[in-house]
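Both backbone and side-chain heavy atoms feed into the values below; hydrogens, waters and symmetry mates do not.
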Amino acid sequence: MRIASIDQGTTSTRCLVVEDGGEWRIVASRKHGQDHPFAGWVEHDPDELLKNIMTVLDAAGEVDAIAIANQGESCIAWDAETRAALSPVIVWQDARTAKQLSELGAEAEKVSKRICGLPLDPYFSASKLAWLLRNIPSIAEAHKAGRLRLGTTDAFFLDSLAGVFATDLATASRTGLLDLATGQWSDELCALHGVPKECLPRIAAVDEGFGEINGIPVRASIVDQQAALYGHGCREPGDCKITFGTGAFLLAVAGAERPPQAELLPTVAWALRDSGTTFAIEGGVYDAGAALEWARNIGLYSALEELGIFEGPSALSRGIIFVPALSGLAAPYWDRSAAPLFIGMDHATDRRDLVRAVLEGIAMLTVGLIDAAAEVTELGPAISIDGGLSQSAYFAQFLASASKRTITVPSMHELTALGLAEFCGLDVSAARAKHERFEPDGSVTEEHHALFAKAVERSRGWRN
C-alpha cells in the first residue's frame, strides 16, 4: 500500500509517499504566504493552502490512500453551500483576541479548564471563531441565512476537497470547545465564547475515513503534533516527543484516562475506531523555528549548517541570554504580554554568540515543558525529538545537558508523515529504527537555570 501523507503546516505544505515497510520519499513541498495585517495578527490565504494541497497531492502520483495533518488551532469560516472561504485562516500564533479573553475573567477560565482542559488563551480556536462572527459582516449574514460553517483548517480542507464536514477528536480537543468527558462539543463553552454549535463539524475518529479526493480515499486526518507523537512510536504512558517546527511542541502519552489538570494541558492524543481514546499532556513554546527565522532575517546567521558546531563555552555560561518570546510565552506561563529579550552582551559579543543564545533560549524554555510534564507522569528513559532544530547537534546536546535527560534524534525526521501512514495501517517501524543519542554532560548547572529564569521574569509583562 502507498499512502500520500500530507503535512499542511504553518509555513509549508509537504507530501511524502510512504509504503509498507517504511520506505518513504518526499515528493513535493510548497511554501505559502503569512500575512500580518496588524501587530499580533497572523493570517493565511485559505485558497492558497487548498491549491498547495492539491499541487503536492498531484506530485504523489498513484497512491492507495491519503492522510492529512493539520496545523491544529488555526481556523476559518466558510459558506456551507459554495464552500467558499468567508475569512482568511486565523493562525494559531495569532493573538488578536487576548484582551477579549482576559475580560472573561478567572471564573470563566476555571470553567474552560474543567470542561476542555485548556486556559483562555488566543492560541486556541474558540475565541478566534467568535471574533470572525462578530467582526466580518458576511460571516454574520451567512449565519443568519443558515449557511455558515466554522472550524479548524482540517474541516475546511475536507469539506472543500472531499465533501465531508468533519474533524477528528484530537483536533477538536485543541479548539477550547470540546467536552473531554463526552467527546462532543460543549454547549457551555460554545455559549461562553459565542460560537454557534450548529456551525461546527461532526467529530470522528482519526481513522474513520473522510471521503475521497479525486477518487482516492482519505483514510486519516489529525493534528500534526499528534501525528508526530504516533510517528515517534509513542504508545505507552510516559512516552514523550518534542517537535521543533515553527513552535516547539511537547506531547507525552497519558493513557486511557484524562490526565490531571496541571501546568501542561490535558488533550486527546488520538481516537481510533477499534481501541478508543488515548489522552496526552501537551505544552508548547510559541517561537522555536520562528525565532531562528527571525534571527536569520536580522543577519545573525545565513545557513542552517552554521547551527551545528560552536567553539568554547555556551553563551548561557557567559551570561548571554535570549528569551524567545516573540509571540509571548506559552506553557507553563501563558503570558502574551512577554516580549523577546537579549541580555548580558558586552563589547566582545558577536553575532555567533547571539545566534547561539537563540538556540539555547529555545532549549531552556523547552526544559520547562519537560519538567512540567514530569510532574504529571513518569517520563520514559529518553525523549525523542524531530523537526528542523533537531538537526543541530549543538542544540540536541545542549537540550540533553539542560534537561538532564537522554535525547534521541531519529534519522528519519518526517515523523508527522510516518504517524499519518501508521494511522492508515502501515508498518513503518523500520523507518524510525535508526537514531542518534545525546547524553547529559553536566555543562548546564542549576546556576545557569536560575539565571535564565531571572531573564524570563524580566521579559514578562513587557507589552502591558
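- Between the side chains of D168 and T171, a donor-acceptor pair is found at a separation under 3.5 Å.
- Applying the ring-ring contact (aromatic ring centres under 6.0 Å, His included) test to pairs two or more places apart or on separate chains, those with a residue in residues 2-33 are H32-H44.
- The side-chain tip of R336 points at the ring of Y286 from less than 6.0 angstrom away and within 45° of straight on.
- A donor-acceptor contact closer than 3.5 angstrom links the side chains of T243 and K241.
- Cation-pi geometry between R83 and W78 is not met at under 6.0 angstrom from the ring centre and within 45 degrees of the axis.
- In this structure, R202 is not positioned above the aromatic face of F165 in the sense of NZ or CZ being under 6.0 Å from the six-membered ring centre and within 45° of the axis.
- Each of T267, L180, V253 was scored for a side chain to side chain contact (heavy atoms under 4.5 Å, CB included) with F279, with one residue passing: L180.
- Within 6.0 Å of the CG atom in N297, the count of heavy atoms belonging to other residues, nucleotides or ligands exceeds 12.
- For the residue pair D386 / S384, no side-chain donor-acceptor distance below 3.5 Å is found, with atom types taken as modelled.
- A donor and an acceptor atom, one from each side chain of T153 and N70, are nowhere located under 3.5 Å apart.
- Using modelled atom types, one finds no donor on one side chain facing an acceptor on the other under 3.5 Å when comparing D224 with T416.
- Under the side chain to side chain donor-acceptor pair (under 3.5 Å) criterion, the residue pairs touching residues 175-187 are D187-K197, with sequence neighbours excluded.
- Within a 6.0 Å radius of NZ in K51, no more than 12 heavy atoms belonging to other residues, nucleotides or ligands are found.
- Side chain to side chain, Q8 and Q71 meet the donor-acceptor criterion of an N or O pair below 3.5 Å.
- Taking the six-membered ring where tryptophan is involved, the planes of W270 and Y230 are perpendicular, since the angle between them exceeds 60° and thus also 30°.
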